[in-house]
**Student:** 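Attaching a single structure in structure tokens format; questions to follow.
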Amino acid sequence: MRRRVDADDPSITLREADHADVPAMLALKAALPLREGSRGGFLLGTTEAGYHALVDGGIVWTLRFDDQLVGFASALRDPALRASPLWERRPQIAWMPGFGAIDLDAMKIGYFDQIAVRPSAGPRLFAPALGLRVLADLLDDGHEHVITTTVETPILNRVALAFLERLGGLRIAAVDEVYPEVGPLTSAIHYLNAAVIRDRIASARAEGRPTLLRLLDLAGV
């Protein structure tokens, strides 16, 4: 994306991913540098086969400029989360006070998996709409609780933190993981509540700022 893009640009769209998008998703993942302070964030894990499986069974939306993929976000519904390695590691999770006693088995929990955009100014402007669209699908499917993870050490992935904070996200735990790309790392686990998300969206609409309204309209929320 080389030309300037603003919030009213009609060439920016969101579209559900299909299998033809997987090569572009992998290319975007490879283009995001794994370093502190990276403006576009970074992604760990997920192979070509993993992205195809997400397209088949998960929630995946793409951010497009002139119909070219410049970002994507993904999420897992409750059954897929419970079949994931993260769920298997529940006994090793270091919970914050008050959260360890929550009956996770009684909840319908969605997992906000990945969000990535090209690190230029245009795509970054629309990243919140991309994230909101994926969260909206989880909420529409009846997930009243959503968790997500962000890397804290050895590299802090700051990109998603402002988005999570705006929606009332809470850091509730930490978990040690190992990825071939970087070796051992620690990730924070964040919690989002559907009612709080809806309240924050309503408050954002009430603010009435044109750019913010354009993002909400683009996300369909």
Side-chain angles (χ1 to χ4, degrees), residues 29 32-47 50-51 53-54 57-60 72-116 127-128 130-132 134-135 137-139 141-200:
K29 178 177 182 289
L32 297 176
L34 184 66
R35 65 170 182 259
E36 184 74 32
S38 172
R39 298 180 71 184
F42 55 85
L43 299 179
L44 297 176
T46 314
T47 62
Y51 281 127
L54 271 172
I59 297 169
V60 190
F72 67 90
S74 61
L76 302 176
R77 297 178 179 88
D78 184 273
L81 171 61
R82 294 177 190 275
S84 71
L86 176 63
W87 197 258
E88 293 177 358
R89 290 198 298 275
R90 293 195 319 285
Q92 286 76 51
I93 292 175
W95 298 96
M96 299 286 287
F99 283 94
I102 291 176
D103 186 3
L104 298 175
D105 291 331
M107 297 178 173
K108 186 174 183 179
I109 305 174
Y111 181 64
F112 187 84
D113 182 29
Q114 294 185 338
I115 184 167
L130 181 61
L132 282 171
V134 169
L135 285 172
D137 277 9
L138 284 175
L139 270 56
D141 283 346
H143 297 84
E144 293 299 310
H145 312 277
V146 178
I147 61 172
T148 189
T149 58
T150 60
V151 176
E152 289 193 325
T153 61
I155 301 169
L156 178 62
N157 192 346
R158 303 175 184 274
V159 172
L161 295 181
F163 175 70
L164 296 175
E165 290 171 3
R166 180 84 192 224
L167 294 175
L170 300 172
R171 185 187 183 281
I172 63 169
V175 60
D176 292 328
E177 304 181 271
V178 178
Y179 282 86
E181 301 99 313
V182 294
L185 56 82
T186 299
S187 294
I189 299 177
H190 306 267
Y191 168 77
L192 295 161
N193 179 273
V196 174
I197 293 173
R198 294 185 182 103
D199 285 346
R200 296 296 176 93

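In what follows, every heavy atom counts, from backbone to side chain, and hydrogens, waters and symmetry copies are set aside. For the single chain, residues carry numbers from 1 onward in sequence order.
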**Student:** Going from CG on Asp137 to CG on Leu132, what distance comes out if it is rounded to the nearest 0.5 angstrom?
**Tutor:**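 Output value for this atom pair is 11.5 Å.
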**Student:** Run Thr148 and Tyr191 through side chain to side chain donor-acceptor pair (under 3.5 Å) and show every step you take.
**Tutor:** CA-CA 7 Å; Thr148 189; Tyr191 168 77; over 6 Å; no
**Student:** Assess, by modelled atom type and distance only, whether the side chains of His190 and Thr150 contain a donor and an acceptor separated by less than 3.5 Å.
**Tutor:**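 Per modelled atom types, His190 and Thr150 side chains form a pair under 3.5 Å.
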**Student:** Residues in side-chain contact (heavy atoms from CB on, under 4.5 Å) with Ala75, at least two apart?
**Tutor:**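 Ala75: side-chain contact (heavy atoms from CB on, under 4.5 Å) contacts with Ile59, Val134, Leu138.
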**Student:** Measuring from atom NE2 of His143 to atom CD1 of Ile197, what distance do you get when rounded to the nearest 0.5 angstrom?
**Tutor:**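 Taking NE2 in His143 and CD1 in Ile197, the distance rounds to 12.0 Å.
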**Student:** Would you give the length of the straight line joining atom CD1 of Ile115 to atom CZ of Phe72, rounded to the nearest 0.5 angstrom?
**Tutor:**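 Result: 9.5 Å between the selected atoms.
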**Student:** Can you tell if the side chain of Val146 reaches within under 4.5 Å of the side chain of Leu135, non-hydrogen atoms only?
**Tutor:**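 In contact.
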**Student:** Name each donor-acceptor pair under 3.5 Å that joins a side chain in residues 76-85 to protein atoms two or more places apart or in another chain, with its distance.
**Tutor:**
unit_1, atom_1, unit_2, atom_2, d
Arg77, NE, Asp141, OD2, 2.7
Arg77, NH1, Gly57, O, 3.3
Arg77, NH1, Gly58, O, 3.4
Asp78, OD1, Arg82, NE, 2.7
Asp78, OD2, Arg82, NE, 3.0
Asp78, OD2, Arg82, NH2, 3.2
Asp78, OD2, Ile109, N, 2.8
Arg82, NH2, Leu104, O, 3.1
Arg82, NH2, Met107, O, 2.5
Ser84, OG, Leu81, O, 2.6
Ser84, OG, Trp87, N, 3.4

**Student:** Judged by modelled atom types alone, do Tyr51 and Ser74 share a side-chain donor-acceptor pair under 3.5 Å?
**Tutor:**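 Not at all, the side chains of Tyr51 and Ser74 share no donor-acceptor pair under 3.5 Å.
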**Student:** Let me have the donor-acceptor pairs involving side chains of residues 162-175, under 3.5 Å, with sequence neighbours excluded, atom names and distances please.
**Tutor:**
unit_1, atom_1, unit_2, atom_2, d
Arg166, NH2, Glu207, OE2, 2.8
Arg171, NE, Glu152, OE2, 2.9
Arg171, NH2, Glu152, OE1, 3.0

